[in-house]
Amino acid sequence: MTLRLTNTLSRSKEVFKPLDDRRVSIYCCGVTVYDLCHLGHARSYIVWDVLRRYLCWPGQSDGAYVVKFVQNFTDIDDKILNRAAEQGLAMEQVSERNISAYFQDMDALNILRADAMPRATGCLDGIRDLIAELEHKGAAYSADGDVYFAVMKQAGYGKLSGRDLCEQQEGASGRTTTTEEGRKHHPFDFALWKGAKPGEPSFPSPWGPGRPGWHIECSAMVRQELGDTIDIHLGGADLIFPHHENEIAQSEAASGKPLARYWLHNGMVNVGGEKMSKSLGNFTTIRALLESGVSPMTLRLFVLQAHYRKPLDFTLEGLDAAATGWKGLSAALAVGQTYADSLGWGASAGSALGSAVGPADREWPEELRVSRDRFREAMDDDLNTAAALGELFELARPLRALANRLRIGDVASEAERAMEDRWTLLVELAGVLGLAAEREVVQAAAEGISDESQSGLSDVAIEALVEQRKAAKAARDFASADRLRNELKAQGIDLVDKPGGVTVWLRG
RNA sequence: GGCGGCAUGGCCAAGUGGUAAGGCAGAGGAUUGCAAAUCCUUUACCCCCAGUUCGAAUCUGGGUGCCGCCUCCA
């Protein structure tokens with residue numbers, strides 16, 4: 001088997017074969033940095049992060065590719081200007097603030113940083129050159145300081161989105177009222193360069209001061225970073241038209257070559273059946289969600305439990321379910337580090353955790369080899385992360401049970417000590433999905449029984465209270481016993497009653 | 001109106017011709033004085049109708065419902 005991806009250009013799954021045998025070039029449409037990112041952005045970048053990790057994974061069907069992943073920041077835009085005006089800031093200040101917030105949020109979600117992250121402001125020469133080239137070739141025309149792309153001149157316009165210029169023209173005929181519309185030869189013509197209005201920030205150009213249109217930024221940045229034809233172009237499904245259609249038109253008019261061989265689009269995040277978006281005001285920012293106590297890995301799991309092309313409804317119930325699911329998976333992932341000593345494991349303990357690329361391929365026991373193959377088959381089938389996660393959960397089940405029993409002081413059986421391979425595989429495959437036990441989780445579990453620096457109560461004090469409760473229980477004074485238990489609970493100490501009257505306490 | 005997509009158990013969600021992964025919730029059991037936590041076990045004939053087929057959730061046609069794009073948008 002080999003990787004197959006749904007290409008929006010053909011609307012079908014195609015076998016993935018990069019231009020170069022071992023290298024893959026990817027361009028992902030980034031954000032316009034006028035505000036914080038919300039869960040729609042989180043989903044998009046999580047799924048593309050998984051694509052990237054999978055391509056780089058040595059265990060993948062075609063072997064590890066060398067990926068160059070480019071993602072832009074749109075830092076010239078009307079919305080940024082509006083935001084700057086509202087807040088009395090310069091455009092750059094708004095951009096910088098949101099770019100640093102972007103990194104903070106995406107780093108938290110364990111999304112690998114792109115190899116290059118060009119900004120529109122850093123690519124103005126390339127943008128102006130490209131526009132001039134298009135104008136020279138007759139694909140664009142200038143009008144009163146604006147420059148427009150002439151869609152009728154570009155054969156194949158509409159091939160990505162399935163749009164027909166003639167039909168659409170009729171539907172749009174009532175919309176030519178504004179001055180901008182008046183300058184266009186065709187309603188679908190779009191601005192490559194917008195002349196500046198008085199007082200607006202602007203950049204010089206052969207057509208007068210102004211700023212670039214949104215679509216041309218991406219065309220120029222792709223060309224600058226990756227060349228005329230790239231392997232994969234990524235983005236949200238809402239970008240298919242007009243953004244990606246226009247990008248294709250511009251780039252292909254200039255180069256005469258295909259812009260991208262595979263176009264992949266992720267489905268939207270919905271709220272109550274409607275798309276989450278700034279304009280509808282129904283969005284939750286990544287930051288707000290994480291600050292509310294939701295773990296980054298919970299969000300990651302929530303996103304990856306659905307196929308990337310389908311709409312995903314965001315609900316608190318769904319998130320809770322993912323949180324509980326992650327709790328179990330996380331326990332299994334952490335068991336190897338947390339209990340390495342008592343299990344006699346540890347060969348690969350540190351290295352595999354959180355790394356993008358797992359341990360090199362090797363011989364696995366039959367059962368694990370089957371799991372690994374199933375995982376790979378699922379991922380090969382258009383990144384079926386939901387099915388891949390199913391494999392992860394099955395792999396994790398006995399490890400989770402082991403972790404939970406060790407946590408309350410049980411001793412591992414012979415069979416359980418022999419599960420190191422299973423654990424190593426789980427960590428490797430989870431890593432392909434960018435899932436890793438969080439540091440806090442590992443530490444909390446490791447420090448659970450012996451640590452005495454966190455809580456206000458010392459171990460000795462706690463043990464004394466546990467003894468008191470034991471005595472109360474023996475005297476059948478359950479009211480006192482329960483009161484002691486509640487007091488400890490309030491201090492963050494959980495009691496676990498085990499068979500034989502033994503009580504274990506854990507710092508929650 | 002045009003283009004595209006979706007419809008699987010209480011919820012989420014895999015599965016594209018041979019008798020339904022996984023997660024959450026629920027139920028039963030173990031443990032417990034009770035509870036919590038934990039462990040084990042367990043719950044579906046796949047929106048409707050017609051058709052193709054030995055056989056369909058899975059293919060075809062029709063219907064119904066929902067969503068996205070057609071303006072900025074991941």
Side-chain angles (χ1 to χ4, degrees), chain A residues 8 11 28-32 34 37-48 71 74 77-79 158 161-164 167-168 170-172 175 188 190 214 234-243 245 265-270 273-280 283 301-302 304-307 309-313 315 317-329 331 374 378 381 384-394 396-398 400-405 407-408 410 472-474 476-478 481-482 485-486 489 494-501 503-504 506 508:
Chain A
T8 306
R11 293 188 185 77
C28 178
C29 273
V31 288
T32 300
Y34 73 102
C37 289
H38 58 64
L39 299 180
H41 302 108
R43 180 193 196 184
S44 187
Y45 300 126
I46 286 171
V47 301
W48 303 137
Q71 182 174 321
T74 295
D77 182 88
D78 287 348
K79 287 183 176 176
S161 56
R163 243 140 273 245
D164 184 306
E167 283 181 15
Q168 296 291 323
E170 293 165 21
R175 257 199 290 146
F188 272 13
F190 53 91
W214 175 38
L234 305 171
D238 52 354
L239 299 185
I240 294 172
F241 189 90
H243 185 54
E245 196 69 73
H265 294 97
N266 65 275
M268 300 294 98
V269 172
N270 291 165
E274 273 188 325
K275 177 179 160 184
M276 177 180 287
S277 69
K278 288 285 165 57
S279 46
L280 285 171
F283 61 92
L301 184 62
F302 175 72
L304 296 177
Q305 275 185 307
H307 186 88
R309 303 186 68 240
K310 288 194 176 180
L312 172 61
D313 211 47
T315 61
E317 295 73 29
L319 206 61
D320 281 347
T324 311
W326 171 244
K327 191 178 160 198
L329 206 48
R374 287 207 189 115
D381 185 13
N384 189 344
T385 53
L389 276 169
E391 286 305 317
L392 250 56
F393 276 105
E394 300 227 349
R397 193 176 300 126
R400 182 191 62 194
L402 171 63
N404 285 326
R405 290 201 303 97
R407 192 168 62 91
I408 57 171
D410 284 2
K473 280 171 68 179
R476 304 200 66 78
D477 179 6
F478 298 125
D482 290 350
R485 182 168 63 193
N486 290 336
K489 179 77 180 169
D494 289 326
L495 298 188
V496 180
D497 289 330
K498 302 209 304 174
T503 296
V504 174
L506 302 167

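Quick note on labels: first sequence line is chain A, next is B, and so on, each numbered from 1.
Backbone-only engagement by A/His307 is indicated by non-hydrogen atom pairs under 4.0 Å involving sugar-phosphate atoms exclusively. At the heavy-atom level, A/Asp497 lies under 4.0 Å from base atoms of the strands shown. Contacts of A/Asn384 with the nucleic acid, taken as non-hydrogen atoms under 4.0 Å apart, involve only primed sugar atoms and P, OP1 or OP2. At a threshold of 4.0 angstrom between heavy atoms, the contacts of A/Arg11 are confined to the sugar-phosphate backbone, with no base atom among them. Among the atoms of the strands shown, base atoms are found under 4.0 Å from some heavy atom of A/Ala387. A/Lys79 comes within 4.0 angstrom of a base, heavy atoms only. Note on A/Glu391: nothing from the nucleic acid sits closer than 4.0 angstrom, heavy atoms only. Residue contacts for A/Leu239: at a heavy-atom cut-off of 4.0 Å it reaches the sugar-phosphate backbone alone, with no base atom in range. Using a 4.0 Å heavy-atom distance criterion, A/Gly158 is classed as making no nucleic acid contact. At a threshold of 4.0 angstrom between heavy atoms, the contacts of A/Asp313 with the nucleic acid are absent. Residue A/Ala386 is classed as a base contact, given a heavy-atom separation below 4.0 Å to a base. Residue A/Gly318 is out of contact with every strand shown, counting any heavy-atom pair closer than 4.0 Å. Heavy atoms of A/Leu392 sit nowhere under 4.0 angstrom from any nucleic acid atom. Residue-level contact check: A/Lys310 touches the backbone only, with heavy atoms under 4.0 Å from sugar-phosphate atoms and none from bases.
A donor-acceptor contact under 3.5 Å is not formed by the side chain of A/Asp381 with the base of B/rG15. A donor N or O paired with an acceptor N or O is found under 3.5 Å between the base of B/rA35 and the side-chain atoms of A/Arg485.
OP1 or OP2 of B/rC69 has at least one side-chain nitrogen or oxygen of A/Lys275 nearer than 4.0 Å. When the side-chain nitrogen and oxygen atoms of A/Asn266 are compared with OP1 and OP2 of B/rA74, none of them lie within a distance under 4.0 Å. Between A/Arg400 and B/rC39, a side-chain N or O to OP1/OP2 separation shorter than 4.0 Å is present.
Comparing atom distances between the A/Pro499 side chain and each of B/rC70, B/rA36, B/rU31 picks out B/rU31 as nearest. For A/Arg397, whose side chain is taken as the heavy atoms from C-beta onward, the closest listed nucleotide among B/rU38, B/rG22, B/rG33 is B/rG22. Distance from the side chain of A/Ala481 is smallest to B/rG33 among B/rG33, B/rC70, B/rA74. The nucleotide whose nearest atom lies closest to any side-chain atom of A/Val31 is, among B/rG15, B/rG2, B/rA74, B/rA74. Considering only the side chain of A/Glu274, B/rG68 comes nearest among B/rG68, B/rC34, B/rU38. Side-chain atoms of A/Asp238 lie closest to B/rA74 of the nucleotides B/rA74, B/rA36, B/rG33. Of the listed nucleotides (B/rC24, B/rC34, B/rA74), B/rC24 has the atom at the smallest distance from the side chain of A/Ala321. Of all nucleotides listed (B/rG33, B/rC72, B/rC40), B/rC72 comes nearest to the side chain of A/Pro242. Taking every side-chain heavy atom of A/Asn270 into account, B/rC67 is the closest of B/rG33, B/rC67, B/rA13.
Under the Watson-Crick and G-U wobble criteria, each requiring two contacts below 3.5 Å, nucleotide B/rU42 is paired to B/rG26. If you check B/rU19 for Watson-Crick or wobble pairing at under 3.5 angstrom, you find it has no partner at all. Of the nucleotides present, none pairs with B/rG33 by Watson-Crick or G-U wobble criteria with both distances under 3.5 Å. Using N1 to N3 plus N6-O4 or O6-N4 for Watson-Crick, or N1-O2 and O6-N3 for G-U wobble, each under 3.5 Å, B/rC6 pairs with B/rG65. With a 3.5 Å ceiling on both atom-pair distances, the Watson-Crick or G-U wobble partner of B/rG51 is B/rC59.
When the C1' atom is used for both B/rC48 and B/rU8, the distance is 15 Å, rounded to whole Å. With both ends at atom C1', the span from B/rC39 to B/rU32 equals 14 Å, rounded to whole Å. Annotation: B/rU19 and B/rU71 have their C1' atoms spaced 50 Å apart (nearest Å). Spacing between B/rG10 and B/rG33 at atom C1', rounded to whole Å, works out to 33 Å. Using atom P as the reference point in both B/rC67 and B/rU60, the two lie 25 Å apart (nearest Å). Atom name P, nucleotides B/rA13 and B/rC24: the rounded distance is 16 Å, in whole Å. Comparing the P positions of B/rA20 and B/rA27 gives a spacing of 26 Å, expressed to the nearest Å. When the P atom is compared between B/rA44 and B/rA30, the two are found 24 Å apart, to the nearest whole Å.
For A/Asp410 and B/rA37, the CG to P distance is 17 Å, given to the nearest whole Å. Between the NZ atom of A/Lys327 and the P atom of B/rC24 there is a distance of 10 Å, rounded to whole Å. Atoms CZ (A/Arg309) and P (B/rU16) sit 15 Å apart, rounded to a whole Å. Remark: C1' of B/rG22 and CZ of A/Phe302 are 16 Å apart, rounded to the nearest angstrom. In this structure, A/Arg405 places its CZ atom 14 Å from P of B/rU38, rounding to the nearest Å. One interatomic measurement links the two molecules: NZ of A/Lys498 to C1' of B/rU38, which rounds to 11 Å at whole-angstrom precision. Atom pair A/Lys489:NZ and B/rA35:C1' shows a separation of 11 Å (rounding to whole Å applied). One atom, CG of A/Leu329, and another, C1' of B/rA21, lie 15 Å apart when rounded to the nearest Å.
A donor-acceptor contact shorter than 3.5 Å links the side chain of A/Glu245 to the backbone of A/Ser161. Counting only distance, with no hydrogens or angles, the side chain of A/Thr324 and the backbone of A/Asp320 share a donor-acceptor pair below 3.5 Å.
A distance of 8.5 Å separates CZ in A/Arg163 from CD1 in A/Ile240, rounded to the nearest 0.5 Å. Taken to the nearest 0.5 Å, the CD atom of A/Glu274 stands 10.5 Å off from the CG atom of A/Asp313.
Nearest heavy-atom pair across A/Asn266 and A/Ser44 is OD1-OG, 2.9 Å. Residues A/Cys29 and A/Tyr45 approach most closely at O-OH, 2.9 Å, considering heavy atoms. Considering all non-hydrogen atoms of both residues, A/Ile408 and A/Val504 come closest at O-CG2, 3.5 Å.
Closest-nucleotide positions on RNA chain B for A/Leu389 and A/Leu39 were compared, and the one nearer the 5' end corresponds to A/Leu389.
Between A/His38 and A/His41, the two ring planes are tilted [angle within 30° to 60°].
Centre separation under 5.5 Å together with a plane angle under 30° does not hold for the ring of A/Phe393 and the six-membered base ring of B/rG23, so they are not marked as stacked.
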Inset, instruction - Before giving the answer on side-chain contact (heavy atoms from CB on, under 4.5 Å), spell out for A/Lys310 and A/Leu312 the whole-Å C-alpha distance, their side-chain angles and the decisive distance to 0.1 Å. - result: CA-CA 6 Å; A/Lys310 288 194 176 180; A/Leu312 172 61; over 6 Å; no
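No side-chain heavy atom of A/Trp48 sits under 4.5 Å from any side-chain heavy atom of A/Gln71.
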